[in-house]
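Comments concern the structure below.
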Amino acid sequence: MALPPTIAELLQFDRASEGVVAQGWVRTRRDSKSCSFIELNDGSTARGLQVVVDAGCSDAALMPQILTGASLRVRGDLIASPAAGQRWELQARSLEILGPCDAAYPLQKKGHSPEFLRSIAHLRPRTQLFGNLLRVRSRLACAVHEFFQQRGFHWVHTPIITSSDCEGAGEMFRLTTQKTNEVLGAKGDFFGRPTYLTVSGQLQGEALACAMGRIYTFGPTFRAENSNTTRHAAEFWMIEPEMAFFDLEADMTLAEEHVRFMASHMLQNSTAELEFFGRFVDKEVQARLEQTASQRFERISYTDAIEILLASGRTFTHPVVWGEGLQTEHERYLAEEHVRGPVTLYNYPRAIKPFYMRRNDDGKTVAAMDLLVPGIGEIIGGSQREERLDLLLEAMQAQGLESSDYDWYLDLRRHGTVPHSGYGMGFERLLMFATGISNIRDVIAFARTPGHAFT
RNA sequence: UCCUGAGUAGCUCAGCGGUAGAGCGGGUGGCUGUUAACCACUAGGUCGUAGGUUCGAACCCUACCUCAGGAGCCA
């Protein structure tokens with residue numbers, strides 16, 4: 001038995017066709033003396049199907065009940081549209097209301113504010129904005145796999161439940177079956193030790209890379225930071241490649257190729273969605289993607305970046321000092337004004353970076369890199385990992401970490417250690433870059449941020 | 001968590017000391033192969049909550065709640 005066709009499939013027909021069935025939700029209805037026009041959408045495509053119901057149609061009497069939001073099944077003939085605006089339209093023979101929709105339906109034909117749409121997360125997927133976003137999200141997720149699969153990477157699955165309480169990436173959500181007053185990780189607790197939701201699959205990813213060569217993870221990640229910004233969520237999807245025999249140079253090259261690949265993919269495969277985002281969300285989005293897809297990325301060492309900032313003649317709110325982290329205003333200046341495009345910063349001071357990053361020969365810096373894009377800021381953060389046991393132990397000690405907590409991780413350096421590198425890319429941040437949507441809460445269907453875990 | 005701003009009709013907002021308004025959406029009628037259609041009429045609001053100032057508060061003051069933007073942290 002054939003699958004019911006989507007509207008996207010109907011619109012791709014190359015000839016008129018009698019007796020087709022279309023199903024979907026009503027976006028708008030317009031009445032004329034001789035007929036009514038219904039725009040029907042089923043999520044398969046940005047443009048809906050125009051259904052024409054002649055006044056003489058046996059089901060024309062249903063028209064007053066066909067309000068925005070109602071779900072319909074329409075049988076009719078797909079014909080070339082005599083009017084401008086669409087190639088095909090469906091001349092209805094019969095209509096069936098699958099689910100009526102009353103006047104309390106909150107979505108209208110007009111645009112809504114993102115804040116209002118967030119309050120109806122279960123209905124906002126029916127808007128054009130979210131339909132377009134969710135289709136892009138799906139395609140770009142596949143594109144991530146294409147990118148890595150073409151380059152000999154293996155997709156691995158690192159655990160979501162983790163027992164290392166210090167993966168070096170922020171506050172963690174505790175996971176327990178204990179009742180309120182019992183101790184996390186006590187004897188009766190499920191795992192018999194404290195467990196958390198993962199903040200990064202990197203450490204396990206290193207173990208897998210030191211066997212499989214090139215691997216990547218792509219899955220949910222959890223951070224319990226009380227961050228209230230347009231770029232942070234408590235639950236987000238992260239892509240973390242980890243490569244044996246890659247130094248920082250190769251790591252940066254891969255990261256740049258990755259961003260460029262995603263930009264090209266968006267331009268080639270999501271043209272209808274991109275046009276929508278360019279019209280209603282961000283006029284610059286297409287130009288930015290084209291620039292990213294074609295331009296060579298700049299690379300600037302941290303030390304040179306400090307020089308550039310000092311020479312800029314700008315007064316920044318936060319002082320520019322070698323050894324301090326770069327503030328958002330500094331990163332914005334570098335990406336948006338100095339380079340005017342994507343830029344990779346590398347070789348950061350040792351003191352401000354985690355223990356696992358590889359110490360450079362100067363003794364002062366580590367082989368770390370951040371890839372910044374205009375408008376979003378950091379989209380990728382990565383490093384070459386410290387593969388030398390003695391230096392790794394030294395770095396752990398300097399940061400007050402207990403080496404016995406990382407025994408299995410240190411073991412990788414004891415048994416056939418190799419130079420290796422990796423990075424993390426925030427998938428939602430990539431989507432923000434690809435669509436121009438400026439708030440992370442609007443690129444994930446059901447966003448989790450501090451105080452918000454509804455739906 | 002800190003700083004700033006905002007909460008008025010289902011939605012987007014105007015009103016900023018003197019009897020609550022518009023557009024959209026809903027209803028009714030009209031017009032038109034329409035394209036976020038158009039025209040007329042109509043229903044719809046304890047002005048975030050609780051106090052206070054005043055003859056009188058949506059408007060001024062205080063506290064709280066909620067939301068947004070910026071910062072920190074980062075992906």
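To find a chain, count down the sequence lines: A is the first, B the second, and so on, and within it residues start at 1.
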For this session: Determine the contact category for A:T28: base if any of its heavy atoms lies under 4.0 Å from a base atom, sugar-phosphate if only primed atoms, P, OP1 or OP2 are that close, otherwise nothing.
Result: sugar-phosphate
For this session: Report yes if a side-chain nitrogen or oxygen of A:S113 is closer than 4.0 Å to either non-bridging phosphate oxygen (OP1 or OP2) of B:U12; otherwise report no.
Result: yes
Exercise. When the P atoms of B:A14 and B:C73 are considered, how many whole Å apart are they?
Worked result: 35 Å
Exercise. To the side chain of A:L67, which of B:A68, B:G26, B:C31 is closest?
Worked result: B:G26
Problem set entry | Base of B:U35 paired with side chain of A:E39 (donor-acceptor, under 3.5 Å) | no
For this session: Would you check if A:F37 stacks with the base of B:G33, given a 5.5 Å centroid limit and a 30° plane limit, both strict?
Result: no
Problem set entry | Full working for salt bridge (charged side-chain N to carboxylate O under 4.0 Å, His left out) between A:R385 and A:E242 | CA-CA 10 Å; A:R385 319 307 189 188; A:E242 197 70 36; 2.9 Å; yes
Exercise. If the P atom of B:G72 is compared with that of B:C64, how far apart are they to the nearest Å?
Worked result: 26 Å
Exercise. Of the nucleotides B:C73, B:A68, B:A71, which one has an atom closest to the side chain of A:N439?
Worked result: B:A68
Exercise. Looking only at N and O atoms, is any donor in the side chain of A:R30 or the base of B:C38 less than 3.5 Å from an acceptor on the other one?
Worked result: no
Exercise. A:A83 near the nucleic acid: base, sugar-phosphate alone, or nothing, with a heavy-atom cut-off under 4.0 Å?
Worked result: base
Exercise. Going by modelled atom types, is there a donor-acceptor pair between the base of B:U1 and the side chain of A:N228 at under 3.5 Å?
Worked result: yes
Problem set entry | Nucleotide of B:A68, B:U12, B:A75 approaching A:F116 most closely (side-chain heavy atoms) | B:U12
Problem set entry | Selection from B:U35, B:A75, B:A36 that lies nearest to any side-chain heavy atom of A:R429 | B:A75
For this session: Measure from the side chain of A:R441, starting at C-beta and using heavy atoms only, and say which of B:A71, B:U34, B:A68 lies closest.
Result: B:A68
Exercise. A:E115 near the nucleic acid: base, sugar-phosphate alone, or nothing, with a heavy-atom cut-off under 4.0 Å?
Worked result: sugar-phosphate
Problem set entry | Side-chain N,O (A:K109) to OP1/OP2 (B:U35) below 4.0 Å | no
Exercise. Got a donor-acceptor pair under 3.5 Å from the side chain of A:H112 to the base of B:C11?
Worked result: no
Exercise. Regarding A:R314 and the six-membered ring of A:Y333, is the cationic atom NZ or CZ under 6.0 Å from the ring centre and inside 45° of its axis?
Worked result: no
Problem set entry | B:U8 and B:U12, which share atom name P, separated by this distance in whole Å | 8 Å
Exercise. If we take the C1' atom in both B:G23 and B:G44, what is their distance in whole Å?
Worked result: 15 Å
Seminar exercise, completed: Among B:G25, B:A71, B:C74, the one nearest any side-chain atom of A:Q327 is B:A71
Exercise. For the base of B:C73, is there a side-chain donor-acceptor partner from A:S227 under 3.5 Å away?
Worked result: yes
Exercise. Roughly how far apart, to the nearest Å, are B:G21 and B:A36 at atom P?
Worked result: 33 Å
Exercise. Going through the distances and angles, do A:W155 and A:F148 end up as a ring-ring contact (aromatic ring centres under 6.0 Å, His included)?
Worked result: CA-CA 8 Å; A:W155 183 24; A:F148 286 116; over 10 Å; no
Exercise. Quick check: does any side chain N or O of A:E9 sit under 3.5 Å from a backbone N or O of A:T6, one acting as donor and the other as acceptor?
Worked result: yes
Problem set entry | 5' precedence on RNA chain B between A:K33 and A:R332 (nearest-nucleotide basis) | A:K33
For this session: Could you tell me whether A:I380 contacts a base, only the sugar-phosphate backbone, or nothing, with contacts defined as non-hydrogen atoms closer than 4.0 Å?
Result: sugar-phosphate
